[in-house]
There are 2 protein chains.
Amino acid sequence: MERGSAYHHGNLRETLIEEGIALLAERADGDISLRQLARRVGVTANATYRHFANKNALLAALAAEGFRRLQEGQGEAVRGADPGQGLREAGLAYLRFAWRHPALFRLMFGPTLNRQGDEELTRVAAASFRALRSAVAAAHGLDEEAAGVEGATLRTWGLVHGLSHLMLDGQFGWRAESPLAVAEQALTDAVDGPL
Amino acid sequence: MERGSAYHHGNLRETLIEEGIALLAERADGDISLRQLARRVGVTANATYRHFANKNALLAALAAEGFRRLQEGQGEAVRGADPGQGLREAGLAYLRFAWRHPALFRLMFGPTLNRQGDEELTRVAAASFRALRSAVAAAHGLDEEAAGVEGATLRTWGLVHGLSHLMLDGQFGWRAESPLAVAEQALTDAVDGPL
DNA sequence: AAGGCAAAGTTCACAGTGTCAACATTGGGT
DNA sequence: ACCCAATGTTGACACTGTGAACTTTGCCTT
């Protein structure tokens with residue numbers, strides 16, 4: 001939190017990421033402008049170019065931070081659950097993350113970002129998939145490399161991810177309950193029944 | 001295709017939708033500019049304002065046309081399949097639509113569009129859901145209003161929708177096969193096995 | 001301690017965007 | 001034949017992402 005001189009900000013890069021996520025949380029539509037973020041931080045738009053190659057790189061950093069937080073949330077959920085319920089809890093954590101950070105979630109996936117060539121981003125995303133796969137394997141009592149685990153992981157991921165998107169896009173809105181509740185119910189039913 | 005005078009275009013509204021979808025197909029990232037579209041059609045940017053309240057309304061019209069085409073494609077797929085395979089074919093049609101029209105697909109769902117208050121758009125989207133529900137009911141040999149059909153529809157929709165998004169976002173790209181093939185396989189497995 | 005250099009911010013500039021207000025050109029109905 | 005409403009155009013404005021040139025400052029070397 002240390003501030004440098006009036007001229008030199010001190011730790012602009014981290015501040016931009018922090019405030020960028022905050023700004024993303026306010027604008028529901030999810031597109032933020034570089035200049036707006038710079039103004040909020042109290043710095044010129046071009047100052048950001050000392051820390052990120054361009055807007056896309058900045059957004060990629062936000063997304064990477066998002067993946068880290070998502071994985072952290074899932075980790076907590078799994079640890080706090082009795083074994084056998086881990087997969088369900090991880091899925092619910094995924095849904096709740098999307099619900100609480102809709103714009104960030106859409107940035108992490110979604111086409112705004114050009115993921116091509118961003119090494120860190122692909123790394124955290126891959127780690128996220130491996131974590132899910134191990135949860136799926138554990139839920140079925142299988143080895144992580146066993147046949148069928150990969151496919152089951154894909155189906156689970158697809159379901160959770162799809163429910164997240166439909167929820168955020170307001171496709172559950174016309175129903176009585178809260179969209180989050182609808183998605184949670186659908187996920188629970190799927191996990192309890194055979195997937 | 002009739003052209004009016006040099007000054008009056010003739011049927012600008014339909015042309016904008018047509019060329020808008022074409023333009024969307026070219027720009028993979030999926031955001032098109034009003035002025036670019038107007039230039040392509042051979043008309044001033046402000047001319048579009050005679051037919052659409054603003055850019056959002058234009059995009060909504062594109063999305064609505066997209067929903068119509070999606071539903072048409074699903075209808076064909078279901079009719080051309082033997083009964084019992086209808087649901088799977090409908091889902092595969094959904095996947096292939098997303099694969100062939102990624103930008104349009106993301107526009108139809110996704111936050112670029114402000115769906116609030118666009119009556120036509122919510123209507124076609126609701127029709128799409130009803131069609132899916134009847135396919136789910138038929139696949140399980142149940143009445144459309146039977147208990148559990150709604151939930152099963154949600155799960156199916158979620159899975160297909162999620163696979164579509166993950167596929168488009170390149171999350172299956174690191175695998176050997178084509179992303180479309182990966183998604184189709186996952187869907188087929190889910191439908192064959194109990195969902 | 002003095003000096004200088006590279007890192008980190010700033011200002012200026014430019015092309016492109018969505019949209020508003022005012023003006024121009026038409027074709028169809030009285 | 002006329003006129004008016006529908007349909008286009010021009011000009012303008014605020015805003016965006018980004019490049020080039022300039023300024024300030026903290027740290028490292030002597």
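Computation of the quantities below employed the complete heavy-atom set of this structure, encompassing side-chain atoms and omitting hydrogens, waters and symmetry-equivalent molecules. Reminder, nothing fancy here: chain letters follow the sequence lines and each chain counts from 1. Keep in mind the model is a prediction, meaning the values are calculated, not measured.
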Next item on the list: Between dT19(C), dC23(C), dG19(D), spot the one nearest the side chain of Tyr49(A), thanks.
Entry: dG19(D)
Notebook entry, point to check: Which residue pairs pass the side-chain hydrogen bond (donor to acceptor under 3.5 Å, both in side chains) test when at least one of the two sits in residues 36-47 of chain A, sequence neighbours left out?
Noted result: Glu19(A)-Arg40(A), Glu26(A)-Arg40(A)
Next item on the list: For DNA chain C, determine which residues of residues 51-62 of chain B have any heavy atom closer than 4.0 angstrom to one of its atoms, and list them numerically.
Entry: Asn54(B), Lys55(B)
Notebook entry, point to check: CG of Asn46(A) versus P of dT16(D): gap in Å, rounded?
Noted result: 13 Å
Checklist line | Nearest listed nucleotide, side chain of Ser33(A), among dT7(D), dT16(D), dA20(D) | finding: dT16(D)
Notebook entry, point to check: Can you list the residues that meet the side chain to side chain donor-acceptor pair (under 3.5 Å) rule with Asp169(B), with sequence neighbours excluded?
Noted result: Arg106(B)
Checklist line | Over 12 foreign heavy atoms within 6.0 Å of CZ, Arg100(A) | finding: no
Notebook entry, point to check: Which residue, Leu12(B) or Ala45(A), contacts DNA chain D at a nucleotide closer to its 5' end, judged by nearest heavy atom?
Noted result: Leu12(B)
Check: Between dT17(C) atom P and Leu23(B) atom CG, what is the distance in whole Å?
Finding: 11 Å
Notebook entry, point to check: Out of dT18(D), dT11(C), dT19(C), which has the shortest distance to the side chain of Thr44(A)?
Noted result: dT11(C)
Note to self: I want to check one thing: is the phosphate of dT19(C), taken as OP1 and OP2, less than 4.0 Å away from some side-chain N or O of Arg50(B)?
What the structure shows: no
Note to self: If I take atom CG in residue Leu113(B) and atom C1' in nucleotide dG18(C), what distance separates them, rounded to the nearest angstrom?
What the structure shows: 16 Å
Checklist line | Whole angstrom value for the distance that separates C1' of dG8(D) from CG of Asn11(B) | finding: 15 Å
Next item on the list: For Phe109(B), check ring pair (Phe, Tyr, Trp, His ring centres under 6.0 Å) against everything at least two apart and list the hits.
Entry: Phe67(B), Phe105(B), His161(B)
Margin query: Run the side chain to side chain donor-acceptor pair (under 3.5 Å) test against Glu18(B) and tell me which residues pass, sequence neighbours left out.
Written below: none
Note to self: Determine whether a donor-acceptor pair (one donor, one acceptor, N or O, separation below 3.5 Å) exists between the side chain of Arg35(B) and the base of dG16(C).
What the structure shows: no
Next item on the list: Looking only at side-chain atoms of Leu34(B), point me to the closest of dT18(D), dG18(C), dA21(D).
Entry: dG18(C)
Checklist line | Candidate nucleotides dT16(D), dT19(C), dC22(D), ranked by approach to the side chain of Gln36(A) - the nearest | finding: dT16(D)
Item checked: Short side-chain N/O contact from Arg13(B) to OP1 or OP2 of dG8(D), under 4.0 Å -> no
Checklist line | Remaining members of hydrophobic cluster (4.5 Å side-chain criterion), Val78(B) | finding: none
Note to self: Let's see if you can work this out: which of dC22(D), dG17(D), dG8(D) has an atom nearest to the side-chain heavy atoms of Ala47(B)?
What the structure shows: dG8(D)
Notebook entry, point to check: Under 6.0 Å from the CD atom of Glu14(B), do we count more than 12 heavy atoms belonging to anything else shown?
Noted result: no
